[in-house]
Structure formats: structure tokens, C-alpha cells
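Take this structure, written in C-alpha cells, and hold onto it; I'll ask about it next.
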Amino acid sequence: MAEIFSGFSEFGRVLADYITRETAVRGAVLSDDQGDAVDLAFDEARTSALEVQILGAQLDRAAERLTSWFQDRGRGPCEILIEASHGRLCCAFVGGAYVLAVVSEPAQGDDEARSAEAERVLAGFRELRRDIEALLQA
């Protein structure tokens, strides 16, 4: 396995642990309400710090707006999964002011396999979200 950059704080260590568990994940970032990285972790062989930082900054507004839309309708917080030809993005608005974002390898297989993998990825992302939210409350 390639070397995982584990950030600068306990947030980065939690993100790095997630990347180690989820082998398809290339990088993860926690960004503030200005789109600046609070901390990040990434697989240095598959992505760069800049790509991961930009990921969080670009998803900031979308995550906040979608979360507000769902919460206004009584549906609570949400996780966003975007599948693209070059990779998969998961993000969520957390702690009322932060965006948690993850980039991973693209999904493989037929529709059924991709759907099952998407459910598994979202379940792992929810666990990561809970860990990050616990740190934010500490």
C-alpha cells in the first residue's frame, strides 16, 4: 500500500484511518465554511494535496444547500454521492459549518454490483461522518 499522508491533527488521523480501511478512497478533507481545508489525508500515490483541498472547496456550497433543502423538509442531514467516469465523490455538511468530502476510484461492475458498492461506500462514509462530528463536539 502507498503511503497515506495523515494530516496535521486528530482530524487528519481519522481521515487517514478511513482511507486505510477503504482501499478505493484516494483522499478525504474536512473544510470550513470558507472552503479552506481544516485537515486532510490522501494516498500520495493516487492523488495530491491540492486535488483533495479543491474537492472540499468546490463541494462546500452544494453540500450546504442540499443539506438545508432536506432539513427544511424535515428529512434531516444527508450524504451526497456523486458518481463520475473518473471517480466517486461523497460529501456531507457537518457540524453546521464544515464539509466532509471524500474522493475514491470509480465504481466497477454491472448496475447491481455498482448499487451494492454505493450502499457500502455510503455506510462507511456515515461512520466517518460520525467520527468527525464527535471530534467537532469535543
Side-chain angles (χ1 to χ4, degrees):
M1 174 176 263
E3 187 166 337
I4 305 296
F5 174 79
S6 61
F8 305 100
S9 70
E10 63 273 12
F11 294 107
R13 286 187 292 281
V14 168
L15 297 172
D17 288 345
Y18 174 74
I19 293 171
T20 301
R21 287 190 312 272
E22 296 289 338
T23 58
V25 174
R26 296 189 304 229
V29 62
L30 179 67
S31 300
D32 64 17
D33 61 350
Q34 301 298 309
D36 295 323
V38 172
D39 211 343
L40 70 155
F42 60 96
D43 181 334
E44 295 179 300
R46 296 189 291 164
T47 193
S48 67
L50 181 59
E51 181 181 19
V52 176
Q53 289 170 326
I54 290 171
L55 169 71
Q58 294 300 312
L59 294 174
D60 177 48
R61 298 285 182 210
E64 182 179 4
R65 288 180 180 155
L66 278 170
T67 297
S68 294
W69 189 88
F70 279 104
Q71 288 179 334
D72 289 349
R73 284 148 184 81
R75 295 186 167 226
C78 66
E79 290 85 26
I80 302 160
L81 173 64
I82 302 168
E83 293 195 50
S85 60
H86 65 282
R88 196 181 256 163
L89 308 173
C90 287
C91 67
F93 192 61
V94 297
Y98 302 92
V99 171
L100 176 61
V102 172
V103 62
S104 59
E105 299 298 331
Q108 303 295 318
D110 61 17
D111 287 344
E112 188 175 324
R114 292 167 68 113
S115 292
E117 179 65 6
E119 288 300 322
R120 192 193 67 72
V121 165
L122 282 171
F125 183 75
R126 284 184 194 110
E127 288 179 31
L128 173 62
R129 179 185 186 160
R130 284 191 293 271
D131 292 346
I132 293 294
E133 286 177 332
L135 283 176
L136 287 169
Q137 292 175 358

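Residues: numbered from 1 along the sequence shown.
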- Message: Is any side-chain heavy atom of R126 closer than 4.5 Å to one of R130?
- Response: yes
- Item | Expected output: side-chain D39 to main-chain F8 donor-acceptor under 3.5 Å | yes
- So, for V99 and G56, which heavy atoms are closest and what is the spacing to 0.1 Å? CG1-O, 4.4 Å
- Message: Would you say that V102 contacts Y18 through its side chain, given a criterion of any heavy-atom pair below 4.5 Å between the two side chains?
- Response: yes
- Message: For F93, is there any backbone N or O sitting under 3.5 Å from a side-chain donor or acceptor partner on R129?
- Response: yes
- Task: State, with a plain yes or no, whether a side-chain heavy atom of P106 is found less than 4.5 Å away from one of Q108.
- Result: yes
- Nearest non-hydrogen partners of A107 and R88, listed with the distance: CB-NH2, 2.7 Å
- D43 vs V25 side-chain heavy atoms within contact, under 4.5 Å: no
- Any donor-acceptor pair under 3.5 Å from R73 side chain to W69 backbone: yes
- Message: Rounded at 0.5 Å granularity, tell me how far CD in E133 sits from CG in L135.
- Response: 10.5 Å
- Looking only at heavy atoms, what is the nearest atom pair of V52 and A41, with distance? CG1-O, 4.3 Å
- Item | L40 vs Q53 side-chain heavy atoms within contact, under 4.5 Å | yes
- So, are R46 and E51 salt-bridged, with charged N and O less than 4.0 Å apart? no
- Taking C-beta and beyond as the side chain, do L15 and L128 meet within less than 4.5 Å on heavy atoms? yes
- Note on the structure: For A28 and I19 the tightest heavy-atom approach is N-CD1, 4.0 Å
- Task: Write down the atom of C78, the atom of F70, and the distance for their closest heavy-atom approach.
- Result: SG-CD1, 3.6 Å
- Side-chain heavy-atom pair I4, E44 within 4.5 angstrom cut-off: no
- Query: Any chance CG of D111 has more than 12 other-residue heavy atoms, nucleotides or ligands included, within less than 6.0 Å?
  - Reply: no
- Do L59 and V103 share a hydrophobic cluster (ILVMFWY, side-chain heavy atoms under 4.5 Å, transitive)? yes
- Message: Between R26 and E105, is the side-chain contact (heavy atoms from CB on, under 4.5 Å) condition met? List the steps.
- Response: CA-CA 7 Å; R26 296 189 304 229; E105 299 298 331; 3.1 Å; yes
- Find out whether L136 and F11 are in side-chain contact, i.e. whether some heavy atom of one side chain is under 4.5 Å from a heavy atom of the other. yes
- Is L55 linked to I82 within one hydrophobic cluster, defined over Ile, Leu, Val, Met, Phe, Trp and Tyr using a side-chain heavy-atom separation of less than 4.5 Å? yes
- Item | Audit row: E117, R114, salt bridge (charged side-chain N to carboxylate O under 4.0 Å, His left out) steps and yes/no | CA-CA 5 Å; E117 179 65 6; R114 292 167 68 113; over 6 Å; no
